[in-house]
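Heavy atoms only: backbone and side chains are in, while hydrogens, waters and symmetry mates are out.
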Amino acid sequence: MQKLYEQMDFILSGGALKLLVDFLTPKVEGALIVNSNGEDLEIVDAVKTRTENFFLRGQAAKLLSVFAERPLNEKFSVDQGSLEGEWPWVVRIRGMQWSFYILLRESPAAWISELHPIAGLISLWQTFQQTTVAEERLSRLSYMILATKNTLPSIFEPMPLDYYAAFLTDALRESLFPRSLSVFQDNGSELVFLEGDERTPPVKEGLYLQPMLPPAPVVTRKDAAPYEVVLPIVEPHKLFCVSEWDKLPTEETLDFLELVGNLASRSLAINSLQTKSSADREKTASTDFTVLSLAEALSALKQQTVQSEFVSMAADIFSELVQESQCFLVIWDKSRQGYFPVEYRQNGLRFPFEPTLFPSALIGKTEERPFFDLQKTDFAGILQYPWPEMNFMRYVFPFWNHGQLMGFIALSSRAASLADDGVKLSALELIAQFIAFYLIKFIQ
């Protein structure tokens, strides 16, 4: 039994080919054992002859044309044909998914009938090889399925793009073990490195320049190691996962890459929609709050009968709606013919200031602009102001009444540009007009 085991192990480990060489050695003057490799013939072994190369370049089609394609009804078959050239005779041993060819200088008619047992051993060897390969592929596939199962709960989690790129890189590394993996983003003009093994971004040409990108991975370098595969992730960000491999990725690996790429694209699209929806809800809520605040503010201002209380409430309203840290309010004093500060707030609290009267008229005839951003337009072009508190202000809302400046309120610049919130800006401009209208009652 031990001897039988050793013989079977020898045959299934490739010894069947050695037995074929031993069989041919006493029977032929010379022979080459080859199989097809694309357009070429790969020399597997040689009998009583020397070869300088491992391939017969461009000879596969010529050899294959010798044998007609017929369905195989047995596990294997042995047949012969003839060629022109140095090797005029050929014997084919083939199975369902494999073929070996014996190139000869003389006819094999005398011994071809004896080749059947050797062909059977070769068939056993090839069947075992295919089974081993299938088991390895199933093992890899099983691991990829497990990796997919572990990846799915997190792949749809909302996260910033750089975090998502890091998660995707880790998932692919742990699942497929590429030599290197880098994620790049197309910013419109060039590719920029985002995550993974840091390297120089690819030049934006070829695949990276296509307006319509494939949803599947593309093997961009397959002639020699390191092999390169690019996985485009199109929506909503234009990302490219560029990976390098020591061995050309299998079909299962490419399928897994395609699956992960499609999941990532869907996830990023969903996250983008959720973010937009959330922003829309926040904007709607902010608009509702602004409209409600506007109604309450106008109602409260109408009820004031004392000037000091009126201007104090005006400062309260602007400070609350704009959420700024400083507020400075100035009104026209008709009796003294000048502008006089009446309110200065810091963080919602009244703050002492120098109540300096500034006797001034408007500088020329000017447009009644309802809003000033002092980072873009200088309010001093309408009214010169000497108060140092204005040095800390960014926004100014004038109180206009038919060309006359009844005063203004200035606000500091804690927040981003107020001009970006059209609803709130319109509400504040309306309140400023309302204040100008009611200030006439107190001034007159």
Side-chain angles (χ1 to χ4, degrees), residues 6-134 136 219 222-225 227 247-248 250-251:
E6 292 174 354
Q7 290 175 342
M8 289 302 300
D9 183 62
F10 171 73
I11 291 170
L12 299 180
S13 299
L17 189 61
K18 175 65 168 58
L19 295 176
L20 175 60
V21 172
D22 292 343
F23 172 82
L24 293 174
T25 300
K27 294 180 170 56
V28 301
E29 295 180 4
L32 291 179
I33 303 172
V34 302
N35 61 10
S36 60
N37 186 343
E39 297 180 354
D40 305 323
L41 294 177
E42 181 182 5
I43 299 174
V44 179
D45 213 328
V47 180
K48 294 182 180 180
T49 188
R50 291 184 178 182
T51 58
E52 296 180 357
N53 300 309
F54 294 104
F55 294 91
L56 300 177
R57 300 295 181 183
Q59 298 296 311
K62 179 180 177 182
L63 181 60
L64 294 175
S65 65
V66 174
F67 299 95
E69 285 296 329
R70 295 190 300 270
L72 187 64
N73 298 321
E74 303 174 286
K75 291 183 179 181
F76 64 92
S77 68
V78 178
D79 49 0
Q80 68 178 32
S82 58
L83 288 169
E84 294 181 358
E86 181 183 0
W87 305 97
W89 298 92
V90 57
V91 173
R92 180 178 67 171
I93 305 172
R94 68 160 178 156
M96 291 294 296
Q97 299 179 8
W98 57 270
S99 296
F100 287 97
Y101 301 89
I102 307 171
L103 302 182
L104 301 160
R105 292 194 174 98
E106 68 277 352
S107 172
W111 49 264
I112 193 170
S113 60
E114 303 175 33
L115 191 57
H116 194 269
I118 303 295
L121 294 178
I122 293 175
S123 177
L124 290 175
W125 167 45
Q126 288 298 299
T127 300
F128 179 76
Q129 289 289 102
Q130 292 169 6
T131 302
T132 302
V133 171
E136 291 177 354
V219 181
K222 54 186 175 181
D223 295 334
Y227 304 98
K247 294 182 179 179
L248 194 64
T250 63
E251 184 178 346

*Asks:* Per the side chain to side chain donor-acceptor pair (under 3.5 Å) rule, what does the pair list look like for residues 101-111, sequence neighbours excluded?
*Replies:*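 Output for this query lists Glu86-Arg105.
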*Asks:* Are any of the side-chain heavy atoms of Gln126 and Phe100 separated by less than 4.5 Å?
*Replies:*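 Side chain of Gln126 against side chain of Phe100, heavy atoms only: contact under 4.5 Å found.
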*Asks:* How many angstroms lie between atom CZ of Arg94 and atom CD of Glu74, to the nearest 0.5 angstrom?
*Replies:*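 So the CZ of Arg94 and the CD of Glu74 are separated by 10.0 Å.
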*Asks:* For Lys18, check side-chain hydrogen bond (donor to acceptor under 3.5 Å, both in side chains) against everything at least two apart and list the hits.
*Replies:* Asp22
*Asks:* Side-chain contact test, heavy atoms from C-beta onward, threshold under 4.5 Å: evaluate it for Ser77 versus Leu72 and give yes or no.
*Replies:*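 With C-beta onward as the side chain, the pair touches.
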*Asks:* With a 4.5 Å limit on heavy-atom distance, are the side chains of Leu56 and Leu103 in contact?
*Replies:*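 Contact flag for Leu56/Leu103 side chains = yes.
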*Asks:* For Val219, which residues count as a side-chain contact (heavy atoms from CB on, under 4.5 Å) partner, sequence neighbours excluded?
*Replies:* Lys222, Val229, Leu248, Leu254
*Asks:* Hey, could you give me the CD1/CG distance between Ile93 and Leu115, rounded to the nearest 0.5 Å?
*Replies:* 4.5 Å
*Asks:* Output the distance between atom CD1 (Ile118) and atom CG (Leu24), rounded to the nearest 0.5 Å.
*Replies:*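 The CD1 atom of Ile118 sits 8.5 Å away from the CG atom of Leu24.
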*Asks:* Tell me, please, which residues at least two apart from Phe76 pass ring-ring contact (aromatic ring centres under 6.0 Å, His included).
*Replies:* His116
*Asks:* Only distances under 3.5 Å count here; give the side-chain donor-acceptor pairs of residues 25-35 to other protein atoms, sequence neighbours excluded, each with its distance to 0.1 Å.
*Replies:*
unit_1	atom_1	unit_2	atom_2	d
Thr25	OG1	Val21	O	2.6

*Asks:* Write down the atom of Trp125, the atom of Ala16, and the distance for their closest heavy-atom approach.
*Replies:* CB-CB, 4.0 Å
*Asks:* Hey, does Leu63 have a side-chain heavy atom less than 4.5 Å from the side chain of Leu83?
*Replies:*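 Sidechains of Leu63 and Leu83: in contact.
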*Asks:* So which heavy atom on Ala60 is nearest to which on Gly38, and how close?
*Replies:* CB-O, 3.5 Å
*Asks:* Under the side-chain contact (heavy atoms from CB on, under 4.5 Å) test, which residues partner Arg57, sequence neighbours left out?
*Replies:*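 If we apply the side-chain contact (heavy atoms from CB on, under 4.5 Å) test to Arg57, skipping adjacent residues, the hits are Asp40, Phe55.
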*Asks:* For residues 122-131, which residue pairs qualify under salt bridge (charged side-chain N to carboxylate O under 4.0 Å, His left out), counting only residues two or more places apart or in two chains?
*Replies:* none
*Asks:* Just how far is it from atom OG1 of Thr127 to atom NZ of Lys75, taken to the nearest 0.5 Å?
*Replies:* 7.0 Å
*Asks:* Could you list the residues that satisfy salt bridge (charged side-chain N to carboxylate O under 4.0 Å, His left out) with Asp79, not counting sequence neighbours?
*Replies:*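 So Asp79 forms a salt bridge (charged side-chain N to carboxylate O under 4.0 Å, His left out) with Arg70, Arg92.
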*Asks:* Which distance, rounded to the nearest 0.5 Å, do you find between the CG of Leu19 and the CG of Leu121?
*Replies:*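 So the CG of Leu19 and the CG of Leu121 are separated by 6.0 Å.
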*Asks:* Which residues satisfy the side-chain hydrogen bond (donor to acceptor under 3.5 Å, both in side chains) test with Asn37, sequence neighbours excluded?
*Replies:*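 Asn37 satisfies side-chain hydrogen bond (donor to acceptor under 3.5 Å, both in side chains) with no residue once adjacent residues are dropped.
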